[in-house]
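Shown below is the structure under consideration.
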Amino acid sequence: QVQLVESGGGLVQPGGSLRLSCAASGINFVFYDMMWYRQAPGKERELVARLSSIPGVTNVAEPVKGRFTISRHRTQNTVYLQMNNLKPEDTAVYYCNAHGVRQAAGRDYWGQGTQVTVPS
């Protein structure tokens with residue numbers, strides 16, 4: 001059974017930092033791209049960052065470039081989103097996604113989300 005469990009959200013002042021964690025079980029990272037999405041009230045869910053199944057390949061969306069970093073624990077099935085210099089427009093529910101590739105193509109799994117609030 002696949003499970004993605006996010007943690008680390010909260011309330012932080014502008015300019016502050018948070019690190020989100022996504023603990024994954026039941027999947028092999030070799031066959032999954034790991035992504036962080038976010039959804040703000042009244043807006044569509046948007047991709048924030050991607051950690052490819054290909055080692056060393058990462059992408060971050062333009063609005064967070066230079067502030068957010070996606071990474072993976074070296075030995076544990078945990079993906080992180082380090083968020084620095086947070087802004088009010090970063091306020092959203094952040095979701096972890098495992099998107100199957102190659103032998104796992106067609107499989108998609110989501111976590112329950114974690115709230116990040118940056119007051120203006």
Side-chain angles (χ1 to χ4, degrees):
Q1 184 180 359
V2 176
Q3 271 195 315
L4 302 177
V5 180
E6 300 103 331
S7 61
L11 174 68
V12 61
Q13 294 301 311
S17 297
L18 281 175
R19 188 178 78 162
L20 305 184
S21 299
C22 172
S25 58
I27 64 171
N28 185 335
F29 278 9
V30 171
F31 301 122
Y32 287 87
D33 289 346
M34 300 300 296
M35 266 85 78
W36 284 98
Y37 284 80
R38 68 184 181 186
Q39 188 166 20
K43 294 189 177 181
E44 292 189 356
R45 191 171 294 191
E46 63 174 352
L47 178 64
V48 176
R50 169 180 167 263
L51 179 69
S52 173
S53 60
I54 301 170
V57 177
T58 62
N59 307 95
V60 293
E62 198 61 39
V64 304
K65 198 165 285 186
R67 300 188 296 122
F68 290 14
T69 305
I70 188 170
S71 63
R72 177 190 159 191
H73 192 284
R74 191 174 62 85
T75 59
Q76 298 175 7
N77 272 13
T78 301
V79 176
Y80 302 105
L81 184 68
Q82 178 67 43
M83 306 186 295
N84 299 327
N85 190 22
L86 282 159
K87 304 176 180 181
E89 52 263 41
D90 296 319
T91 295
V93 178
Y94 284 72
Y95 297 91
C96 180
N97 168 250
H99 178 73
V101 295
R102 295 190 293 281
Q103 287 92 324
R107 300 179 186 180
D108 257 291
Y109 302 101
W110 293 87
Q112 81 287 353
T114 185
Q115 176 71 47
V116 172
T117 302
V118 187
S120 55

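Quick caveat: nothing in here was measured; it's all calculated off a predicted structure.
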Q: Give a yes-or-no answer on whether the side chains of Ser53 and Arg102 include a donor-acceptor pair shorter than 3.5 Å.
A: yes
Q: Flag the pair Ser17 / Arg19 as yes when at least one side-chain heavy-atom distance between them is below 4.5 Å, and no otherwise.
A: no
**Q.** Sequence neighbours excluded - ring-ring contact (aromatic ring centres under 6.0 Å, His included) pairs with any residue from residues 25-84
**A.** Tyr37-Trp110
Q: Could you walk me through whether Thr117 and Val12 pass side chain to side chain contact (heavy atoms under 4.5 Å, CB included), step by step?
A: CA-CA 6 Å; Thr117 302; Val12 61; over 6 Å; no
Q: For the pair Asn97 (side chain) and Tyr109 (backbone), establish whether a donor and an acceptor sit closer than 3.5 Å, ignoring hydrogens and angles.
A: yes
Q. Who pairs with Thr114 by side-chain contact (heavy atoms from CB on, under 4.5 Å), at least two apart in sequence or on another chain?
A. Glu6, Leu20, Tyr94
Q) Does NZ or CZ of Arg45 come closer than 6.0 Å to the centre of the six-membered ring of Tyr95, within 45° of the ring's axis? A) yes
**Q.** Which atom of Val64 lies closest to which atom of Asp90, heavy atoms considered
**A.** CG1-OD1, 4.3 Å
Q. Quick one: does Arg107's side chain get under 4.5 Å of Val2's, heavy atoms only?
A. no
Q | Residue pair Ala92 / Gln115: nearest heavy atoms and the distance that separates them | A | O-NE2, 3.4 Å
(Q) So Leu51 and Asp33, do their side chains get closer than 4.5 Å, heavy atoms only? (A) no
(Q) Measuring only between side-chain heavy atoms, which start at C-beta, is Gln3 closer than 4.5 Å to Ile27? (A) no
Q. With a 4.5 Å limit on heavy-atom distance, are the side chains of Lys87 and Arg67 in contact?
A. yes
Q.
Is the shortest side-chain heavy-atom distance between Asn77 and Arg72 below 4.5 Å?
A. yes
Q: For the pair Thr69 and Leu81, evaluate side chain to side chain contact (heavy atoms under 4.5 Å, CB included) and give the outcome as yes or no after the intermediate values.
A: CA-CA 6 Å; Thr69 305; Leu81 184 68; over 6 Å; no
Q: Look up atom CD in Gln39 and atom CD in Glu46, then write down how far apart they are to the nearest 0.5 Å.
A: 9.5 Å
Q: For Ser120 and Pro88, work out which heavy atoms get closest and say how close.
A: CA-CG, 3.7 Å
Q) What distance do Met83 atom CE and Arg38 atom CZ have between them, rounded to the nearest 0.5 Å? A) 9.0 Å
Q) Once you round to the nearest 0.5 Å, how far does SG of Cys96 lie from CD of Gln112? A) 9.5 Å
Q: Check step by step if side chain to side chain contact (heavy atoms under 4.5 Å, CB included) holds for Met35 and Leu47.
A: CA-CA 7 Å; Met35 266 85 78; Leu47 178 64; 3.2 Å; yes
Q | Residues His99, Asp108; criterion side chain to side chain donor-acceptor pair (under 3.5 Å); working and verdict | A | CA-CA 5 Å; His99 178 73; Asp108 257 291; 3.0 Å; yes
(Q) So which atom in Gln13 and which in Val118 form the shortest heavy-atom distance, rounded to 0.1 Å? (A) C-CG1, 4.1 Å
Q: Please name the pair of heavy atoms, one in Gly113 and one in Val93, separated by the smallest distance, quoted to 0.1 Å.
A: CA-CG1, 3.9 Å
Q | Closest contact, heavy atoms only, Gly9 versus Val116 | A | CA-CG2, 4.2 Å
Q. Is Leu18 linked to Val5 within one hydrophobic cluster, defined over Ile, Leu, Val, Met, Phe, Trp and Tyr using a side-chain heavy-atom separation of less than 4.5 Å?
A. no
